[in-house]
Amino acid sequence: MIRHRFLTVVLTLASVAPCVAGELVLPVFAHNLEGRAKSLWSSEIYLTNPSDQPVQVELGRFLPGEISKPTPCDLFMPPTRVVPPQAATVWTASGLATDLGCAESARGGLVLRADGPVHITSRLVNLAGTDQESPAAVLSGHGEAFEAIPLEHLPTAGTHLLPALMWHRNPCGMSAFDTFVGFANPGPNPVRVILDIPHERGRAVRLNGREIYLPHRVNVQPGTWRQLLLAPEADEDAPCGEIESFLVRVEVNGPLAIYGSVIDRSSGDPRTVFPVPLSSE
């Protein structure tokens, strides 16, 4: 038991430590992505260097999703940012759009490479109703924070839980909460994902508006990103329903970035849900 607790503490500390060097996966990225209720989402990235030497961070790969480049620009070498010692740098939304080949819109994941210790976070911001003074400025609006995950710390083969998700069963009008689950696969092999909602009364739910039966299998191809909207099955004869908290059980057969995103439709505020490994004890 003591050894188990010690290992848990070590793993927890490792998960928050900056990446020493190597590749990191940012599980969600967007640029000029139109959403519901006239929302418009874009990402910016924050790079923090805790060391006493400069660190170079390279935009390695884009994991689509989708990307639109009506007028692409050529990139002769991978885009980079240099972070000074014990300092932080913002990789702006406009800079990222240019570095993705002059993308007009995009959504997916990113793989970033660092040659030294670095901590990378991002903010996915809803720009609807805001007035950005300059396209090069930092973004302002309701936002959702994500953290880049070192490749070696990705959730591995096994079962993981996405807890405290929210949905609105039989809403009279617009749903009060929407829940998405997403996956980014930076590896060379497809990853099989089996989704289940253990406490759901029925075995049918809505996945991207389509009725499916649980458990449900999804394949995430190499070098790609997928996001799925989860909703309860509607019952036309039932009275107006309540907001409910639920849990998704995610079984994977290989390394994969996994996340949940819950959007409060009354305020537009999103909340990120991180996977919890299923305990074997």
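Residues: numbered from 1 along the sequence shown.
- Classification of Arg123 and Glu144 as a salt-bridged pair fails, no side-chain N sitting under 4.0 Å from a carboxylate O.
- When the salt bridge (Lys or Arg N to Asp or Glu O under 4.0 Å) test is applied to Glu58, the partners found at least two apart in sequence or on another chain are Arg113.
- Taking the six-membered ring for Trp and thresholds of 30 and 60 degrees, Phe246 and Trp167 have nearly parallel ring planes, at less than 30 degrees apart.
- One finds a salt bridge joining Arg203 and Asp196 here, because a Lys/Arg side-chain nitrogen approaches an Asp/Glu carboxylate oxygen to under 4.0 Å.
- Proximity of a side-chain donor or acceptor of Ser43 to a complementary backbone N or O of Ala30 within less than 3.5 Å is detected.
- Note that OG1 of Thr272 and CG of Leu162 are 11.5 Å apart. Values are rounded to the nearest 0.5 Å.
- Between Tyr259 and Phe146, the distance from one ring center to the other falls under 6.0 angstrom.
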- Message: One pair to check against salt bridge (Lys or Arg N to Asp or Glu O under 4.0 Å): Asp99 and Arg81. What are the steps and the verdict?
- Response: CA-CA 11 Å; Asp99 294 338; Arg81 292 292 185 275; 3.2 Å; yes
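- Side chain of Thr179 to main chain of Met166: a donor-acceptor pair is present (N/O by atom type, distance under 3.5 Å, no hydrogens or angles).
- Summarising the geometry of Ala164 relative to Val262, their closest heavy-atom pair is O-CG2, 4.5 Å, with the distance given to 0.1 Å.
- Heavy atoms from other residues, nucleotides or ligands lying under 6.0 Å from CD of Gln221 number more than 12.
- Gly209 and Arg206 make their closest contact through O-NH1, 2.9 Å (heavy atoms, listed as atom of the first residue, atom of the second, distance).
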- Message: Between Glu200 and Arg169, is the salt bridge (Lys or Arg N to Asp or Glu O under 4.0 Å) condition met? List the steps.
- Response: CA-CA 11 Å; Glu200 175 60 4; Arg169 193 181 299 273; 2.9 Å; yes
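- Under the 4.5 Å side-chain contact rule for hydrophobic residues, Leu195 and Ile197 share a cluster.
- Salt-bridge annotation for Arg271 and Asp264: absent, with no side-chain N of the basic residue lying under 4.0 Å from a carboxylate O of the acidic one.
- With rounding to the nearest 0.5 Å, the separation of CZ in Phe62 from CG in Leu26 is 11.0 Å.
- Checking side-chain atoms of Ser42 against main-chain N and O of Asn32 turns up a donor-acceptor pair under 3.5 Å.
- Side-chain contact between Trp41 and Pro270 is present, with at least one heavy-atom pair separated by less than 4.5 Å.
- Residues Cys73 and Thr98 come closest through the heavy atom pair SG-O, 3.9 Å.
- Annotation for Pro85 and Asp52: closest pair CB-C, 3.6 Å, computed over non-hydrogen atoms.
- Residues Ile67 and Leu112 share a hydrophobic cluster, clusters being chains of Ile/Leu/Val/Met/Phe/Trp/Tyr side chains in contact below 4.5 Å.
- The backbone N or O of Ala204 lies less than 3.5 Å from no partner atom in the side chain of Glu211, so there is not a single donor-acceptor pair.
- A continuous path of hydrophobic side-chain contacts links Ile263 to Leu229 [ILVMFWY only; heavy atoms under 4.5 Å].
- Put simply, the side chain of Asn49 never gets that close to the backbone of Ala87: no donor and acceptor are under 3.5 Å apart.
- In this structure, Arg226 contributes its side chain and Asn219 its backbone to a donor-acceptor pair below 3.5 Å.
- Side chains of His168 and Glu242: a donor-acceptor N/O pair is absent below 3.5 angstrom, by distance only.
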